[in-house]
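In this chain, numbering begins with 1 at the start of the sequence shown. Only this structure's heavy atoms are used, side chains among them; waters, hydrogens and symmetry mates stay out.
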Amino acid sequence: MTVTTLVLTDSKTLNEVVNCLTENLTIQTQGKCLPRGIRQGQQKIAIDFNLIPYYGEPSSLEAPYIYRSQGKNGTSSFYAYATVYVIKKHKRVTLAIKAVQQQNTLVAIITYLLAIIEPLNLRIERLYLDREFFCVPVIRWLQALDISFEMPAIIRGKHGGTKQLIRGQRSCKTSYTLNSDKYGSVTFPVWIVCTYKNGKRREHGREFFVYAV
């Protein structure tokens, strides 16, 4: 999840952001601006979930656009939006953006963004997702559609949960079952990547990253 340093504190600022995100620009028009190389071959497509901190008490007009999430930067209220982009030669080309409301499910957000770029006829090699999308409904939906994907796993638990995957001294691949009281369970492969800090941030020792694939 990406939290920017922008802050929304009044309806004027919020309206400016909303107007920007909902500008009536068709995907066909955007497609004409795509570099030629992006239209050729399979592409790496990524979806990010972004939160802008919001402070204050929202008005009735603002309320539908306020997204509640885990507290950060002194607030649990945010303006949320998701972007879909192509990763090409370590650079990104944004294809579409969607303002996110509290009632939007994560599956619905992905579905919307993939549908809106469909006219571009891009061939998806792999879909890269923010850790915000790490949940049973999203993974189950991606599996059902046979979409190759990769996303960071949220590390939970002290001894069980995804915490149990962080062990050993080398990278490996295994499987994991994610459980949800509301949505049941789903089993999927995971990659555990072990790296060494080597003085990064003045720290040493091993560092683990877990990815659902």
Side-chain angles (χ1 to χ4, degrees), residues 1-8 13-54 64-67 69 72 78-154 188-189 191 209 211-213:
M1 182 194 309
T2 303
V3 179
T4 73
T5 55
L6 296 175
V7 174
L8 301 182
T13 306
L14 180 60
N15 287 335
E16 289 174 353
V17 174
V18 172
N19 290 337
C20 176
L21 295 182
T22 58
E23 183 178 6
N24 185 23
L25 183 63
T26 66
I27 195 68
Q28 289 86 349
T29 301
Q30 296 179 45
K32 293 179 181 179
C33 301
L34 288 179
R36 182 175 300 177
I38 289 181
R39 292 181 174 276
Q40 301 172 349
Q42 293 186 322
Q43 306 299 332
K44 298 176 181 178
I45 304 294
I47 295 178
D48 277 349
F49 193 95
N50 305 274
L51 297 176
I52 302 174
Y54 178 91
Y65 298 100
I66 301 303
Y67 189 89
S69 186
K72 193 165 187 177
F78 303 88
Y79 183 79
Y81 66 96
T83 56
V84 58
Y85 56 92
V86 173
I87 303 172
K88 192 74 172 182
K89 295 182 179 179
H90 306 291
K91 296 182 179 180
R92 57 183 286 175
V93 177
T94 301
L95 302 175
I97 188 167
K98 172 178 171 53
V100 176
Q101 294 179 284
Q102 194 72 48
Q103 68 268 24
N104 297 145
T105 67
L106 295 174
V107 169
I109 293 168
I110 300 173
T111 302
Y112 175 89
L113 289 172
L114 292 183
I116 202 172
I117 68 171
E118 188 174 0
L120 298 179
N121 295 318
L122 299 177
R123 297 166 58 195
I124 300 177
E125 174 186 341
R126 185 177 292 269
L127 182 62
Y128 296 85
L129 297 163
D130 248 348
R131 69 179 66 247
E132 182 75 17
F133 295 99
F134 182 71
C135 64
V136 170
V138 167
I139 296 174
R140 183 185 291 146
W141 179 78
L142 292 169
Q143 289 179 340
L145 295 182
D146 197 25
I147 297 176
S148 296
F149 69 92
E150 180 179 329
M151 78 178 88
I154 297 176
F188 50 91
W191 291 339
F209 301 91
Y211 298 92
V213 296

Are any non-hydrogen side-chain atoms of I109 and L113 less than 4.5 angstrom apart? yes

Student check: side-chain heavy atoms of I139 and M151 closer than 4.5 Å: yes

So which atom in F188 and which in Q143 form the shortest heavy-atom distance, rounded to 0.1 Å? CB-NE2, 3.5 Å

Shortest non-hydrogen pair, V86 vs Q43, comes out as CG1-OE1, 3.9 Å

For the CD1 atom of I110 and the CZ atom of F133, what is their distance to the nearest 0.5 Å? 5.0 Å

Quick check for you: to the nearest 0.5 Å, what is the distance between E150 atom CD and W191 atom CH2? 5.0 Å

So, taking the atom named CZ in F78 and the one named CD1 in I66, what distance separates them when rounded to the nearest 0.5 Å? 10.5 Å

So, Y85 versus D48: side-chain donor-acceptor pair below 3.5 Å or not? yes

Where do I116 and A96 come nearest, in terms of heavy atoms and distance? CG2-CB, 3.5 Å

Give a yes or no answer on whether the side chain of R126 reaches the backbone of F149 with a donor-acceptor pair at less than 3.5 Å. yes

Considering only heavy atoms from C-beta outward, does the side chain of Y79 approach that of Y54 to under 4.5 Å? no

Do the side chains of V100 and E132 get nearer than 4.5 Å, heavy atoms only? no

For A46 versus I87, what's the shortest heavy-atom pair and its separation? CB-CD1, 3.9 Å

Out of curiosity, N104 CG to K98 NZ, how far, rounded to the nearest 0.5 Å? 4.5 Å

Could you grab the distance from atom CD1 of I45 to atom CD1 of I117, nearest 0.5 Å is fine? 5.0 Å

Going by heavy atoms in the side chains, are S69 and L51 under 4.5 Å from each other? yes

Looking at A153, is its backbone amide N or carbonyl O close enough to the side chain of R131 to form a donor-acceptor pair, meaning the two atoms are under 3.5 Å apart? yes

Atom pair CD (Q101) and OH (Y65), whose distance is rounded to the nearest 0.5 Å: 6.0 Å

Non-hydrogen side-chain atoms of V138 and F134 separated by less than 4.5 Å: no

